Each structure stands twice: as C-alpha cells, then as structure tokens.
Peer 1: 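Just dropping this structure here.
Here the structure is a predicted model, which means the values were calculated and not measured. Naming convention: chains lettered A, B, ... in sequence-line order (proteins, then strands); numbering from 1 in each chain.
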Amino acid sequence: MIALVDCNNFYASCERVFRPNLENKPIVVLSNNDGCIIARSNEAKEIGIKMGEPAFKAKKKIEENDIRVFSSNYALYGDMSNRVMKILSSESSKIEIYSIDEAFLDFSNIASCKQKALFIREKVKKWTGIPTSVGIAKTKVLAKIANSIAKKYCKNGIFLLDGINLINRALKYFPVQDLWGIGTRLTKFLNSQGIYTAYELSKCNELWIKKNLSILGLKLVKELNGISCFPLENQISPRKNIRTSRSFSSGITKFEDLKESISCFASNCASKLRDQKSYTKKISVFIRTNPFKLNSKHYIGLKSLDLPTATNDTLEIVKYALKSLKSIYRENYIYKKGGVILHHILPDSNLQLSIFDSINREKRKSLMSVYDSINNKMGRDTVRLSVQGQNRKWRMKQEKLSPCYTTRMSEILNVKI
DNA sequence: TCTGGGGTCCTAGGACCC
DNA sequence: TCTGGGGTCCTAGGACCC
C-alpha cells in the first residue's frame with residue numbers, strides 16, 4: 001500500500017500557524033509581485049475565490065468578506081515543508097517527496113494503515129501546526145483519489161481506498177478531469193468521447209488509450225485498475241533544468257536595469273546548480289513585454305548559448321547570460337519579465353575539459369566554495385557580483401509579507417506574558 | 001494601476017548515419 | 001521507365017503537475 005500525505009491549503013496553513021487568531025477566518029496567499037491568488041483557506045474557497053485568480057479582480061470579494069491577504073513567503077513555506085517532511089521520513093523508511101506540500105509513503109507491511117495514518121497526521125499537526133490529509137491505496141493514482149476523498153468528506157482526514165467494491169464506487173463518482181494527469185485538453189477530448197468519470201476511463205480499451213492519450217494515459221488507466229506503473233521514487237534525482245525568472249514590479253526599458261536583473265537570475269541559477277553538484281553546458285536567457293497589455297508593442301527575446309566547457313561557476317554563467325541578453329535586447333520596449341534557464345545539466349562525474357580552456361578551474365572552484373559558504377552562513381547575496389547592482393528597480397512587489405518566523409532571528413515570534 | 005514560478009515527460013519531425 | 005530501408009539522436013512544442 002501507498003499513502004499520500006498532503007498538507008491542507010499549505011501556504012495558507014503556514015501563515016495561520018503563527019496567527020492563531022486567524023483560525024476559521026478566510027485567508028489567501030498571493031503569487032510573487034502580489035499578482036495572483038495561489039492559496040486559499042477553506043473559508044476563502046467557500047466565498048468563491050478561485051485558484052489563480054488575479055488579485056485585482058478579486059479585490060471586491062476580498063474587501064467585502066474581510067479576507068486576510070498575504071504575499072508569498074517562500075522562506076517560511078520551505079522551512080515548514082522541511083519540518084513536515086522530516087517527520088514523515090521518520091515514520092517510513094521509503095518516502096517520495098513529491099512537492100513542497102505532499103509526499104508518498106510506503107505503507108506495505110503495516111498492520112493497520114488507518115491507525116498509522118491517524119498517528120502520522122496527529123504528529124505532524126502537533127509538531128508543526130500544519131493540518132494534513134492522508135489517502136491510502138494500492139497505487140499512486142488511487143492514493144491521489146483517496147486523498148481527495150479524505151480532504152472533502154472525512155472528518156478525521158484519512159481515507160483507505162481498498163477492495164474492489166469501494167474502489168468501483170469511488171471511481172464512478174470521481175470526475176475524469178480531477179484525475180492526476182488529466183488536464184484541460186484531455187478532459188475536453190475525453191468528454192467528447194462520452195467519458196466523464198474515472199470509472200468510464202478505467203474500462204477503456206488499452207490500445208485506444210495509448211493511441212489517444214500516449215503512454216502516460218495508459219499507465220494512468222492501469223493504475224486505476226490497481227496495477228502499479230508509477231513506482232515510489234525513493235531518491236531525489238538531480239534537476240534536469242534550472243530556471244530563475246521573475247516578473248518586474250514595474251516595466252523596465254533600460255539595458256542597464258535588465259543587465260542587473262539577468263545577472264541576479266544567472267547567479268541564482270549557478271547557486272542552485274552547485275547545490276546539486278552539477279554543471280551546465282547550455283544557458284538560455286529570455287526577456288518579454290507584458291502580454292496582458294493590449295495597446296503596446298510586444299516582443300519576446302530568447303537566446304540560447306552552448307558552452308564550450310561545462311561549468312557551475314557564477315562568474316562564467318553570468319558572463320554568458322549577459323552575452324545572450326545583449327543579443328536579444330531591443331530598445332523602445334517595456335519589459336515586464338525576464339529569466340535565465342540552464343539546460344544540458346551534467347553530474348560532476350561526467351565532466352570533460354576543453355583543450356582551449358583558459359580558466360584556472362581549480363582556483364575558481366575554491367573561490368566558489370568560499371563564496372557559497374559565506375552566503376550560506378550570512379544570508380543570500382552577502383557576497384555578490386557588482387554587476388548584480390544595488391538599486392534593484394525591478395524588485396518584486398511584496399506588500400503583505402509576513403515575517404520569516406522560523407528562519408530569521410530578528411523576525412522570530414514574540415510572546416508577551 | 002493590476003495577471004507567478006519552476007518543473008517533468010512525451011511525441012513528431014528533422015538531421016544524420018550506414 | 002528511373003532513387004530503399006532501418007536506425008539513432010536531438011529539439012521544439014505541447015500537455016501536465018504543484
């Protein structure tokens with residue numbers, strides 16, 4: 001058996017842990033730049049706030065219902081996630097951390113799955129303050145369904161989906177568009193073929209599924225029928241792409257300002273790359289105007305560079321990123337977003353040096369290791385390149401940011417007695 | 001005024017090889 | 001008269017996920 005533990009309304013719950021007075025009150029969390037609503041408490045969902053809705057469109061509902069609004073605080077959510085995952089890891093020898101707020105746990109050889117799930121749920125709640133739901137079933141896809149049932153209908157927050165009759169009943173009621181792996185396009189297609197429930201999909205001909213929904217669709221159908229096709233991935237595999245991109249709070253026109261932001265993004269990518277002990281051989285940079293502005297000129301610039309030698313050196317990655325930027329920058333546009341992407345990522349065991357290489361890589365490696373250790377200890381960007389700049393005109397809008405209660409000494413919670 | 005960020009995997013089609 | 005067959009590898013674009 002596999003258990004899927006999923007934190008309820010995770011970002012909203014993280015904010016609420018440190019504001020117990022907001023218990024039972026509607027709250028929402030906004031995306032970067034305070035743009036869209038990306039998390040809602042149950043109360044906010046009941047009011048009809050939609051996932052992904054732009055904040056300015058929901059303004060009236062927010063004011064009328066006195067909904068509390070937070071900018072996203074990833075330092076807080078990341079740290080809370082680590083705490084939750086640490087507890088889950090202590091309860092199962094095999095665990096796959098699937099996202100910031102959910103994990104699959106191996107529940108084979110457990111005498112009572114329900115009891116175990118209840119125990120885990122209570123422990124996470126007591127130790128972190130985060131409420132969770134647990135779905136238990138034979139395959140990941142069924143566990144996802146079980147979890148969704150647990151969230152909606154089970155007071156104790158857990159649901160064991162087992163036995164052919166119970167599974168069939170659940171699949172008959174489960175809409176096909178809510179299945180893991182079925183998005184809007186496939187929903188439209190399946191509906192056009194008269195398929196509306198998970199049960200109807202599970203009864204489809206496998207050849208037909210493979211032809212129309214690809215190999216992933218076929219695996220999904222098998223999983224619905226209790227045949228495991230998505231095994232529990234115990235190890236964290238290194239990223240195959242690394243990206244840092246941001247919308248700018250106000251539009252940027254000057255090359256100098258773009259240069260600053262792209263340098264910061266590139267430097268951030270380089271740090272992430274070194275964190276996972278990899279190297280990159282391909283760097284892309286993009287800049288774009290605001291697609292929602294209908295009355296102004298639009299432009300998207302994208303440039304990829306293949307590097308002669310794989311690297312994870314900040315200086316080198318920034319240098320290539322700026323070279324790309326120069327080739328795509330056009331005057332007289334208002335840029336709203338930019339980013340850096342590293343592809344073609346290699347582990348350090350696969351490195352091949354170029355005979356024309358002019359960089360002393362041993363020396364640079366030492367430099368980067370000092371650079372990282374200072375920044376890890378003293379905070380991000382304590383040491384940085386001067387090209388990354390000071391004024392950061394493009395900085396994110398975060399008007400409703402909560403304190404970093406768990407990661408910054410100066411912002412730790414005060415209790416008055 | 002105002003619309004996020006970071007991933008994965010699959011497939012078709014082109015380039016290239018013998 | 002008139003030009004095969006079978007591969008591999010890479011990439012862009014699409015779909016999906018949280």
Peer 1: For the pair made of NZ in Lys272(A) and P in dG6(B), what is the distance, rounded to whole Å?
Peer 2: 5 Å
Peer 1: Please tell me whether Asp79(A) and Thr406(A) have a donor and an acceptor in their side chains that are separated by less than 3.5 angstrom.
Peer 2: yes
Peer 1: Under 4.0 Å: is that the gap between some side-chain N or O of Asn241(A) and OP1 or OP2 of dG6(B)?
Peer 2: no
Peer 1: So, Asp106(A) versus Ser108(A): side-chain donor-acceptor pair below 3.5 Å or not?
Peer 2: yes
Peer 1: Which of the following nucleotides, dG7(B), dG5(B), dG4(B), is nearest to the side chain of Ser245(A)?
Peer 2: dG5(B)
Peer 1: Regarding Lys254(A) and Glu260(A), does a basic nitrogen lie under 4.0 Å from an acidic carboxylate oxygen?
Peer 2: no
Peer 1: Inspect the contact between Glu411(A) and Arg408(A) and indicate whether a charged nitrogen and a carboxylate oxygen are less than 4.0 angstrom apart.
Peer 2: yes
Peer 1: In this structure, how many angstroms lie between the C1' atom of dC2(B) and the CE atom of Met396(A), rounded?
Peer 2: 17 Å
Peer 1: Give Asn32(A) one of three labels, base, sugar-phosphate or nothing, depending on what nucleic acid heavy atoms sit under 4.0 Å from its own.
Peer 2: sugar-phosphate
Peer 1: Counting distance only, does the side-chain N/O of Ser31(A) pair as donor-acceptor with the main-chain N or O of Cys36(A) below 3.5 Å?
Peer 2: yes
Peer 1: Return each pair, listed once, that meets salt bridge (Lys or Arg N to Asp or Glu O under 4.0 Å) where at least one residue sits in residues 7-21 of chain A; pairs must be two or more places apart or across chains.
Peer 2: Arg16(A)-Glu43(A)
Peer 1: Starting at the 5' end of DNA chain B, write a dot or bracket for each base, bracketing those in Watson-Crick or G-U wobble pairs whose two distances are under 3.5 Å and using | for partners on another strand.
Peer 2: ....||||||||||||||
Peer 1: Any side-chain donor-acceptor pair under 3.5 Å between Arg274(A) and Thr314(A)?
Peer 2: yes
Peer 1: Does Lys210(A) reach a base, just sugar-phosphate, or nothing at all? Heavy atoms under 4.0 Å.
Peer 2: nothing
Peer 1: May I ask you to check whether Ser133(A) and Asp6(A) show a side-chain donor-acceptor distance below 3.5 Å?
Peer 2: no
Peer 1: Going by the rule salt bridge (charged side-chain N to carboxylate O under 4.0 Å, His left out), which residues pair with Lys138(A) if we only count those two or more places apart in sequence or in a different chain?
Peer 2: none
Peer 1: Write down the distance between CG (Asn290(A)) and C1' (dT1(B)), rounded to a whole number of angstrom.
Peer 2: 12 Å
Peer 1: Choosing from dT1(B), dG7(B), dG4(B), which nucleotide comes nearest the side chain of Lys59(A)?
Peer 2: dT1(B)
Peer 1: Check whether any side-chain nitrogen or oxygen of Thr244(A) sits under 4.0 Å from OP1 or OP2 of dG5(B), and answer yes or no.
Peer 2: no
Peer 1: Could you pull out all residues at least two apart from Tyr98(A) that satisfy ring pair (Phe, Tyr, Trp, His ring centres under 6.0 Å)?
Peer 2: Phe104(A), Trp180(A)
Peer 1: Between atom CG of Leu186(A) and atom CG of Asn191(A), what is the distance when rounded to the nearest 0.5 Å?
Peer 2: 10.5 Å
Peer 1: Under 4.0 Å, counting only non-hydrogen atoms across every strand here, what does Ile100(A) touch: a base, just sugar-phosphate, or nothing?
Peer 2: nothing
Peer 1: If only side-chain N and O atoms of Lys293(A) are considered, is one of them under 4.0 Å from the OP1 or OP2 phosphate oxygen of dT1(B)?
Peer 2: no
Peer 1: Dump the pairs, protein N or O against N or O of nucleotides 12-16 of chain B, anything under 3.5 Å, distances to one decimal.
Peer 2:
none

Peer 1: Whole-Å distance between dG7(B) P and Glu233(A) CD?
Peer 2: 18 Å
Peer 1: Among residues 179-202 of chain A, which residues get a heavy atom nearer than 4.0 Å to DNA chain C?
Peer 2: Leu179(A), Trp180(A), Gly181(A), Ile182(A), Gly183(A), Thr184(A), Arg185(A), Leu186(A)
Peer 1: Give the rounded distance in Å between these two atoms: CD1 of Ile236(A) and C1' of dG7(B).
Peer 2: 15 Å
Peer 1: Starting at atom CG of Asn33(A), determine the distance to atom C1' of dT3(B), rounded to an integer number of angstrom.
Peer 2: 10 Å
Peer 1: From OH of Tyr74(A) over to P of dG5(B), roughly how many Å is that when rounded to an integer?
Peer 2: 9 Å
Peer 1: Could you please name the option among dC2(B), dT11(B), dG5(B) that lies closest to any side-chain atom of Lys337(A)?
Peer 2: dG5(B)
Peer 1: Taking the side chain as every heavy atom from C-beta outward, state whether Lys323(A) and Ile283(A) have any pair of such atoms under 4.5 Å apart.
Peer 2: no
Peer 1: Would you classify Glu53(A) as touching base, sugar-phosphate or nothing, given that sugar-phosphate means primed atoms plus P, OP1 and OP2, and contacts are heavy atoms under 4.0 Å?
Peer 2: nothing
Peer 1: Go nucleotide by nucleotide along DNA chain B from the 5' end; which of Arg243(A) and Phe292(A) gets its closest nucleotide reached first?
Peer 2: Phe292(A)
Peer 1: In terms of the nearest nucleotide of DNA chain B, which residue is placed more toward the 5' end: Lys240(A) or Lys397(A)?
Peer 2: Lys397(A)
Peer 1: Please report the C-alpha distance between Lys45(A) and Asn9(A) in whole Å, then the side-chain angles of each, then the deciding distance to 0.1 Å, and finally whether the side chain to side chain contact (heavy atoms under 4.5 Å, CB included) criterion is met.
Peer 2: CA-CA 10 Å; Lys45(A) 286 178 190 172; Asn9(A) 315 325; 2.7 Å; yes
Peer 1: In whole angstrom, what separates Lys144(A)'s NZ from dC17(C)'s P?
Peer 2: 9 Å
Peer 1: Would you please confirm or rule out a distance under 4.0 Å between OP1 or OP2 of dT3(B) and any side-chain N or O of Lys336(A)?
Peer 2: yes
Peer 1: Please determine if a side-chain N or O atom of Ser247(A) lies less than 4.0 Å away from the OP1 or OP2 oxygen of dT3(B).
Peer 2: no
Peer 1: Identify whether any heavy atom of Asp101(A) sits under 4.0 Å from a base atom; if not, whether one sits that close to sugar-phosphate; answer base, sugar-phosphate or nothing.
Peer 2: sugar-phosphate
